[in-house]
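Taking it in order: structure first as structure tokens, then the write-up.
Residues: numbered from 1 along the sequence shown. Both ligands and their constituent atoms are indexed starting at 1 by order of listing.
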Amino acid sequence: MPPEHDDTPRKGKKVRVPFRRNRSPRRRRKDWTQQSRDSEDQNVDSVRGEQVVPRGDLSRQRTVIVHDVPTGDALRSGTVVAVRGLFADVDDGQHIWSCTIRRILRTRSIDERNSVTVGDHVRFSMGTGRKGVAEEGAIESVELRRGQLSRRAGRRTQIIVANVDQAIIVSSAARPDPKPHLIDRYIVSALAGAITPVICMNKIDLDTEDFAAGLLERYEKLGYSTLGTSAETGQGVDTLRDMLKGKESVIAGQSGVGKSSLLNAVQPGLELRTGDVIHKYDKGRHTTTTATLIRLDIGGYVVDTPGIRALDLSIVPRGELEAHFVDLARFVPDCKFPDCTHIHEANCAVKDAVERGDIHPERYDSYVRLFTEPA
Ligand code: GDP
Ligand code: ZN
């Protein structure tokens, strides 16, 4: 293979070599992604073509993006708030930069499909800041991911959003009544994704019998953060705002519990595109159906997952359920059979604990329901 052009700036060469090597095997692939891969290639080709265009040409900005690969200090840090095809919107805390995703990043994790995903913490380089090109950059590296929202796509598990810190699990004291089973379900999904659950009881103004307050206490005793709120009276809204500040949060809960009202109380105008909304307004329009992050004025992000059930339990293997029930887990070592499922076995320490009242029967019931429901 002949060497690269000698007129290539040295910095740029580092990037181009892997591009070229990776091209031929990709071309042989005959799957549905062929088309987008071709347009990828085209994109890179046109950029490569532009590098020999004389200075001053309008398109020269693209050359800068591909060849100027700064290291260390020259890179900025940011959070990916949206992904649109081969581009990602990266928030550095002040600006949203439209960034290309370096092909080397895409290639490295081609099997994952999403080499860069919403919520990723990335380092990116920028154009030179000339007029019209200031908000354009290129993602150079992606940090390791922690807590994540996933869903099952066929046999694969697909990451929807990375680096989610907490799940605000919203119920309401009434209309609709709180459902402990649903709360437990959300808790398990959050924990399975390494996301910290927070139990939020909204419409606390309707809690005349203190039933919801008692439920909150149950979860507090298990060690979870809890809070009572009312979007109506404003109770607890400041606390919620403080909890959201500087973190990446997903808001989960049954429809009608007041999620939208709460977010609007936290920050007027803040709206998530719920499943309903996307059908009503976005039919036939080219809007993104993937997750995005909405930036809070006070700092931090709220995850918006239009049409996607935010916390999907289907990816929690049955055998791992017990580990996500903190109150059951402590008794598991005392079960007679090491593979005890705590459903039907004799000498089950978990069932004994339920009998004694050391495990709340509704919590055990949640476990049994999740364990026995069809996968
Ligand atoms: P979402 O489906 O979870 O987003 O719920 P919404 O925010 O749309 O609220 C559903 C209904 O509950 C609306 O009629 C709200 O006005 C009402 N609502 C929301 N929060 C409260 C609250 O704290 N107290 C009372 N009494 N009603 C509320
Ligand atoms: Zn057992």
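Centred on the Zn ion (ligand 2), the SG atom of C348 and the SG atom of C340 lie at an angle of 110°, reported to 10°.
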Audit row: D365, R369, salt bridge (charged side-chain N to carboxylate O under 4.0 Å, His left out) steps and yes/no: CA-CA 6 Å; D365 179 58; R369 283 169 74 167; 3.8 Å; yes

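Restricting H342 to its N, O or S atoms, the one at the least distance from the Zn ion (ligand 2) is ND1.
Annotation for ligand 1: atoms under 4.0 Å from non-hydrogen atoms of L206 are 26 (N). Taking every heavy atom of D205 and a limit of under 4.0 angstrom, the matching atoms of ligand 1 come to 22 (C), 23 (O), 24 (N), 25 (C), 26 (N). If you number the atoms of ligand 1 from 1 as listed, the ones under 4.0 Å from a heavy atom of V257 come out as 3 (O), 5 (O).
Taking each of M201, K259, K203 in turn, the one with a heavy atom nearest to atom 11 (C) of ligand 1 proves to be K203. Taking all heavy atoms of G234, A231, S172 into account, the minimum distance to atom 23 (O) of ligand 1 is reached by A231.
Applying side chain to side chain contact (heavy atoms under 4.5 Å, CB included) to L227 and the options V237, T239, L216 leaves one that passes, T239. Under the side chain to side chain contact (heavy atoms under 4.5 Å, CB included) rule, E248 has a single partner from I195, N163, V118, which is N163.
Ion pairing of K245 with D242 is absent here, as no side-chain N (NZ or NE/NH1/NH2) approaches a carboxylate O to less than 4.0 Å.
Side-chain contact between I199 and I187 is present, with heavy atoms from C-beta onward closer than 4.5 Å.
Backbone and side-chain nitrogen or oxygen atoms of T229 are examined, and none is located within less than 3.5 angstrom of a nitrogen or oxygen of ligand 1. Close N/O approach between I204 and ligand 1 is not found [any backbone or side-chain N/O within under 3.5 Å].
Heavy atoms of S255 approach ligand 1 to within less than 4.0 angstrom.
Annotation: salt bridge (charged side-chain N to carboxylate O under 4.0 Å, His left out) contacts involving residues 339-357, sequence neighbours excluded, comprise R356-D358.
Nearest heavy atom pair, residue K203 against residue R175, reads NZ-O, 2.6 Å.
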